[in-house]
Amino acid sequence: MSKAQVDHHHEEGIALTNTQQDRDALEYDDEEEVEDIVDSFEEEGWLTRCLHPFVNVIVLLHYHWIYNRLQFVLGSIATVMILLLVTGVVEKLDGPKNSLDGLFANHRDAHIRNIPYWTTINSKLDLKRDMIDHWCLDGSNNNCECADPFIPEAKFMDENWRKAAKLNHKAVKKAVQNKFEVKYSHMDEEQKDETTHEYAEERTKSTFRTLDVLFLGSSNTEARTGREIGVEKDDLKGIKSTFETQFQTNSSDYTGMALGIAGDTAVNLLWRIIHGGEVHPDMDPKVYWVSIGINDLIAAQCSEEVTLVGIINVVEELKIRKPNAFIVINSILPVHTGKDVLESNGKALGHWRSLSNINGVLHSFAKNTKKVKFFDGSKVFAKVDDGNLCVRGELYADNFHLNRKGQKMWGKAQIDFLHDLIQTPQEETENTVDDMSNFRYYDDPLADDGAQ
């Protein structure tokens, strides 16, 4: 080997040695820096020593950030995604449609126990707390904000709710006042003092239209007044106009008033009936139309059984206060989730399983109870498409609320129902109004056991 070649290899060896020494020095300096940090914490005393685990984590993160940056970043992203999946945050970020479906997972224990027994209920005397197998939609008793369905409850802490309740009460008082003002509007003071009630009735029969139907409920009912929890909304003006055309003009087939508060559950409506002045002794509509229950099931996540007891308690209270009136129970309407197939191959899916069970028992209750009727809203808001029962999404503004077209179709179906109910002789109404012969129950865990 020539001298030049020897000198060249010697220089390369020196360069490699220097590079390795630089690396060792760098690692040594970093190690010394870490040791200095730890030593400085140890010198601070017991409080600092308590922080050692956190210091170790910081040192470890610092090390990986310096020497394994790519792996550090990818590992951090993977850790965050796993945490999101475990805590359910990903489901929430995916929007209310998918999370709503998640409420109605296949919890067989969450459905009504012993449906045949529930279908025999025909009065408040048949309702007892011990007949409730579970209080929450998931089959538990503690994982929900479900109120006692036997106790009326107001939302006094909600300022808008208090405002909405006062507006409803004011509307009732105004209707009662107008009734008496119109009743005696053609008489002078002497006649008002001397006339009999029979004369007054005869005198004003052609000028005063009695209230035919009072609608009681939650958001879809309140929307007919153009309000949401007592606040007027521009996007509800069309719905208000539609309702006024259908139920509040001289050409309307039937006169109606809507008293609703968005977000109300059955116990909230029960309070409004008992304490809120919405069922006035001097106002006697022919029909009380009840649309309640969806917030019990969805918002409060009450079980089907608790939801049923709440609705039946409302009906029973109306029966006590207005024994001569008809009471119509509006079925809980299907929810527009985006996955709008309610039934496939005869099997109920998602939320429709629970709603079908509840609506089926309510229908049986109406059949067993005098002057109580059941209105099947699925005939309006669902349709058969390619052999499947599907929600008519074009009638909804969102998951739960009807748009103007949906409200118009609902009102038209109600008018047709009222025509059969009010115009048909009472002895015939049992056969002409309540036809749900094709109704089915879903997933009763005890149905095959013959339990009573």
Side-chain angles (χ1 to χ4, degrees), residues 85-92 94 96-121 126-151 153 218 263-268 270 292-314 331-335 337 339 341-344 346-365 399-400 439-452:
L85 289 171
V86 170
T87 58
V89 173
V90 169
E91 182 181 7
K92 293 182 181 179
D94 197 33
K97 295 179 180 179
N98 288 339
S99 61
L100 178 63
D101 288 337
L103 287 177
F104 296 91
N106 295 325
H107 297 298
R108 289 188 61 84
D109 289 339
H111 296 289
I112 300 172
R113 312 289 292 184
N114 196 3
I115 281 179
Y117 171 75
W118 280 84
T119 57
T120 63
I121 294 173
D126 296 326
L127 298 177
K128 298 178 178 62
R129 283 183 180 83
D130 59 8
M131 68 189 296
I132 298 175
D133 179 76
H134 52 277
W135 286 67
C136 302
L137 185 61
D138 65 359
S140 71
N141 291 320
N142 302 312
N143 298 331
C144 58
E145 299 178 2
C146 193
D148 189 328
F150 292 91
I151 301 175
E153 183 177 286
S218 54
D264 267 9
T265 61
V267 292
N268 302 139
L270 187 62
I292 201 73
I294 189 64
N295 292 313
D296 298 76
L297 197 69
I298 303 294
Q301 296 187 35
C302 298
S303 68
E304 298 169 11
E305 295 173 345
V306 173
T307 302
L308 272 169
V309 172
I311 297 171
I312 294 174
N313 266 326
V314 167
S331 69
I332 303 180
L333 301 181
V335 179
T337 65
K339 300 176 181 179
V341 177
L342 302 176
E343 293 182 22
S344 180
K347 180 180 179 181
L349 306 175
H351 73 279
W352 190 239
R353 298 166 64 207
S354 290
L355 296 191
S356 294
N357 286 336
I358 293 171
N359 290 336
V361 173
L362 291 174
H363 173 242
S364 295
F365 171 72
N399 291 146
F400 311 103
F439 199 92
R440 294 192 300 277
Y441 297 106
Y442 296 95
D443 297 327
D444 174 18
L446 303 183
D448 298 331
D449 299 338
Q452 296 297 323

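Note that this is a predicted model, so its numbers are computed, not measured.
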Original post:
Is the backbone of Asp133 close enough, under 3.5 Å, to the side chain of Glu305 for a donor and an acceptor to pair up by distance?
Top reply: yes

Original post:
Judged by atom type as modelled, is there a donor-acceptor pair below 3.5 Å linking the side chain of Ser303 to the main-chain atoms of His134?
Top reply: yes

Subject >> Sequence-distant partners of Ala300, side chain to side chain contact (heavy atoms under 4.5 Å, CB included), two or more places apart >> reply: Cys302

Original post:
What distance do Asp138 atom CG and Cys144 atom SG have between them, rounded to the nearest 0.5 Å?
Top reply: 7.0 Å

Original post:
Would you find a donor on one side and an acceptor on the other, under 3.5 Å apart, between the side chain of Ser356 and the backbone of Trp352?
Top reply: yes

Original post:
Does any pair with a residue in residues 140-150 pass salt bridge (Lys or Arg N to Asp or Glu O under 4.0 Å), and if so which ones, sequence neighbours excluded?
Top reply: Arg129-Asp148

**OP:** Please name all residues satisfying salt bridge (charged side-chain N to carboxylate O under 4.0 Å, His left out) with Asp296, sequence neighbours left out, ordered by chain then number.
**Re:** none

**OP:** Carefully, step by step, assess Asn142 and Ser140 under the rule side-chain hydrogen bond (donor to acceptor under 3.5 Å, both in side chains).
**Re:** CA-CA 6 Å; Asn142 302 312; Ser140 71; over 6 Å; no

Original post:
Is any side-chain heavy atom of Ile312 less than 4.5 Å from a side-chain heavy atom of Leu362?
Top reply: yes

Original post:
Roughly how far, to the nearest 0.5 Å, is the CG atom of Asn357 from the CG atom of Leu308?
Top reply: 8.5 Å

Original post:
Okay, side chain of Asn143, backbone of Cys136: is any donor-acceptor separation there less than 3.5 Å?
Top reply: no

Original post:
So do Val335 and Ile294 actually touch side chain to side chain, heavy atoms under 4.5 Å?
Top reply: yes

Original post:
With sequence neighbours excluded, what pairs up with Asn295 under the side chain to side chain contact (heavy atoms under 4.5 Å, CB included) test?
Top reply: Ser218, Thr265, Ala299

